[in-house]
Amino acid sequence: WIWLFIFLAAMFAALNVMLFSSNWTARTPESKMPTTITTKENIGSTATAAVQEVAGAAAAAAAAAVEDETLLRTTCKCVDCEEDAVCGGLWRAYRYPGMVSSVEEAIHKKVHVVVSHCNKPLNWMSDYLNGFTNVASIHVISKCGHEVEGAPMGATTVVLPNVGRCDHTYAYFITTILPTLATSKDDNSIVVFLKDTTTEEFEHNDPGTEPKSLVHIASSSNGFACGVTFDSAWAGSWSPYHDKDTLFTFELKSYREHSTADEEPFRVGNKTLGDFYNSLNVTRSAGSVVQVCYGGIFAASTANIFKQDMRVWKTIEKALERGDNIQEGHYMERSWGILLATPLKAFQIEALKNHSTKVRTETCCYGGALLREGKEADDEDEEYGDDEDDDQQQHIKEEEKLSRDNWEVFHFYVLAGVGVISAVSVIAFTLSIGTTGRQRVLPLAQRH
């Protein structure tokens, strides 16, 4: 019995050591299964890390390296984060590969400015463009018959009939003026499209209208930046990216705000936005998710402008000559981003759809916008990853928890069993000693 008790005590100590070691290992990061899969995405991430390690490298070389990464990538790590250089700014449309190194660096880009003028003074423009070192041209296109006041020195003023509002102004600039300023698709300049109300109403509250920001984003591979961002109004729950099929069902039958005594009917021919867009005979195809810019303030690279066939821009100009307050103008407002922004790749579209929780289906306004709402939007994961990575990590965590639970149950039963056996052993050992003692004492008593 003594040897049995010693054996059980030793086994109990060994089991505790094993359990402690197992639990410690389960909680140590080294014990986790490897989750890194060698794919083109990892190759791209390695390229990004290498670019970041080259201190003092030229901005052009860094941008080229990121472009190479874009070509290698097949998945997005995240679309609203800082970790992913290719996709991290997609959801809010504020960061893309190929951008100049900083917002401050944007002031050195070659810039052309066009302003659609009606009746507001332009005294704000000098401060607005202050700091830019290479403003190649400023064109003020006035339509409402009012004198242009406060235009910057060196600005060229063009007077046109009052048709098509700012959208016609921009189309006219692209077809008639821009080809005299930049004749090459490889021209490395940015065109900033503004209204004379740029600094008024809601627009001055939006950081997107800040010129450095517009030029900074438009200098990227996206080649387009919108002056009115959803981020300032809806705290990132809305994206400027829209589901194209839903967007194209948008139909506007009338518009009375800022209406004029226009003799032309509001709508003729086109029923929906999709009908209008298809009538333009656009040769550059767009994906199933497209960028939409509201408000008529934006910037675009001359390279992206010239990527569209000039016949498309002339078709737009002609369509907008029909009148002032017309349906085509509202449809064109929603088409600038589709026409000027670089089309998304399939993996970027998939990532945006996966990040969103719904598509806005209301027909009155912003129809097709990708939304991210509710608890899922508020409780962001600490580590970003695609769905497959999230499932794998969750599966590993569940296995570890199950393993620890099984050990704890096993430990309980072992302790209970060892306790019972030990108690029985002690009792048996005590009884055996008592019995032996009596057996030895009894003969002595019998002698007396």
Side-chain angles (χ1 to χ4, degrees), residues 76 78-80 87 89-94 96 167 206 208 222 224-255 257 266-298 308 312 316 319 326-377 386-387:
C76 288
C78 48
V79 294
D80 191 13
C87 304
L90 273 181
W91 181 257
R92 303 170 193 250
Y94 74 98
Y96 298 90
D167 302 290
D206 198 309
N222 191 53
F224 179 80
C226 185
V228 178
T229 62
F230 279 11
D231 186 51
S232 61
W234 294 290
S237 61
W238 294 45
S239 175
Y241 284 98
H242 289 48
D243 176 75
K244 188 180 72 173
D245 290 342
T246 306
L247 172 68
F248 276 10
T249 63
F250 172 70
E251 180 179 5
L252 190 63
K253 298 180 180 180
S254 64
Y255 187 77
E257 185 180 359
F266 180 78
R267 55 184 294 180
V268 172
N270 299 308
K271 182 178 180 181
T272 65
L273 170 58
D275 295 332
F276 169 77
Y277 188 86
N278 292 332
S279 72
L280 304 178
N281 297 316
V282 178
T283 56
R284 190 186 186 197
S285 62
S288 60
V289 172
V290 294
Q291 185 175 355
V292 177
C293 181
Y294 298 94
I297 299 172
F298 52 88
Q308 288 292 354
V312 174
I316 294 170
I326 56 176
Q327 184 190 59
E328 292 92 324
H330 299 274
Y331 288 167
M332 190 59 212
E333 175 189 8
R334 292 159 173 80
S335 300
W336 286 111
I338 308 174
L339 293 167
L340 292 173
T342 300
L344 295 174
K345 297 182 181 295
F347 73 88
Q348 294 171 314
I349 292 175
E350 181 182 4
L352 284 169
K353 288 183 176 180
N354 289 339
H355 187 76
S356 66
T357 57
K358 64 181 292 188
V359 175
R360 182 177 172 84
T361 57
E362 286 77 0
T363 57
C364 67
C365 49
Y366 310 117
L370 301 183
L371 311 179
R372 183 169 172 82
E373 298 179 328
K375 187 176 186 298
E376 182 178 353
D386 57 27
D387 292 340

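Computed from a predicted structure; not experimentally measured.
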Output for pair (Leu370 CG, Ser356 OG), nearest 0.5 Å, gives 4.5 Å

Contact check, side chains of Gln348 and Leu90, non-hydrogen atoms, under 4.5 Å:
yes

If we ignore hydrogens and angles and just use 3.5 Å, is the side chain of Glu333 paired with the main-chain N or O of Cys293 as donor and acceptor?
no

Any side-chain heavy atom of Ile338 within less than 4.5 Å of one from Leu247?
yes

Geometric cation-pi criterion Arg334 and Tyr294, 6.0 Å radius, 45° cone:
no

Tell me every residue that passes ring pair (Phe, Tyr, Trp, His ring centres under 6.0 Å) with Phe298, counting only those two or more places apart in sequence or in another chain.
Tyr170, Phe193, Phe224, Trp336

Which atom names give the shortest non-hydrogen contact between Ile349 and Ser288, and what distance separates them?
CG2-OG, 3.5 Å

Could you tell me which residues satisfy ring pair (Phe, Tyr, Trp, His ring centres under 6.0 Å) with Tyr277, sequence neighbours excluded, listed by chain and number?
Phe248

Flag side-chain contact, heavy atom, 4.5 Å: Tyr241 against Trp91
no

Hits for side-chain contact (heavy atoms from CB on, under 4.5 Å) against Asp245, two or more places apart or cross-chain, chain-then-number order -> Asp243

Please check if the side chain of Asp275 supplies one atom and the backbone of Thr272 the other of a donor-acceptor pair under 3.5 Å.
yes

Please state whether the sulfur gamma atoms of Cys87 and Cys76 sit closer than 2.5 Å to each other.
yes

Just by modelled atom types, is the Leu339 backbone N or O under 3.5 Å from a matching donor or acceptor in the Gln308 side chain?
yes

Check: Arg372 side chain, His355 main-chain N or O, donor-acceptor pair, under 3.5 Å
yes

Expected output: side-chain His242 to main-chain Pro240 donor-acceptor under 3.5 Å:
yes

